[in-house]
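Please read the structure below before turning to the comments.
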Amino acid sequence: MAKSKATAETLRQFSSTLKKNHEDILAVKQSMDNELQSFLWEDPVGAAFRAKYYEDLKPIESKLLPNLVSYSEYLDHEAAIINEYGGE
């Protein structure tokens, strides 16, 4: 079986990266939402684009973003356990 050495610092760094990615995704989404709200959507092509955007965004909002948060919390928890055992 392969061995790997995970340090608390490595787990914290990975957790931090996940948190940053979560924030970046939310910032891009907010920017896109603002852009979409600034246009008039009276034509069918524009309305279809907007509807598809929101439909395609659902898995990101319902699965990816919550999973980024959950995994980040898990990594922070595991880093705390490593620290309890004196491994850094």
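Since we're looking at a predicted model, the values are computed, not measured.
Under the 4.5 Å side-chain criterion, counting only non-hydrogen atoms from C-beta, E73 is not in contact with H77. No side-chain heavy atom of S38 sits under 4.5 Å from any side-chain heavy atom of N34. Residues E61 and Y54 are not in side-chain contact: their nearest non-hydrogen atoms beyond the backbone lie 4.5 Å or more apart.
Between A8 and N83, the shortest heavy-atom contact is CB-OD1, 3.5 Å. Closest of all the heavy-atom pairs between L11 and A79 is CD1-N, 3.8 Å. Shown here for S62 and P66, the closest heavy-atom pair between the two residues is O-CG, 3.5 Å.
Within the structure, ring pair (Phe, Tyr, Trp, His ring centres under 6.0 Å) contacts touching residues 9-35 (residues at least two apart or in different chains) are F14-Y71.
A single hydrophobic cluster is not seen to contain both V69 and I60; linkage of ILVMFWY side chains at heavy-atom distances under 4.5 Å, directly or through other members, places them apart. Both I25 and M32 belong to a common hydrophobic cluster when Ile, Leu, Val, Met, Phe, Trp and Tyr are linked at side-chain heavy-atom distances under 4.5 angstrom.
No more than 12 heavy-atom neighbours from other residues, nucleotides or ligands sit within 6.0 angstrom of OH on Y74.
Residues satisfying the salt bridge (Lys or Arg N to Asp or Glu O under 4.0 Å) test with K58, not counting sequence neighbours, are E55.
Atom OG in S70 sits 11.0 Å away from atom CG in L65 (nearest 0.5 Å). Atom-to-atom distance recorded for N21:CG and L68:CG is 6.5 Å, nearest 0.5 angstrom.
Between the side chain of S16 and the backbone N or O of R12 there is no donor-acceptor pair closer than 3.5 Å.
Side-chain contact of Q37 with D33: a donor-acceptor pair under 3.5 Å is absent, judged by distance alone.
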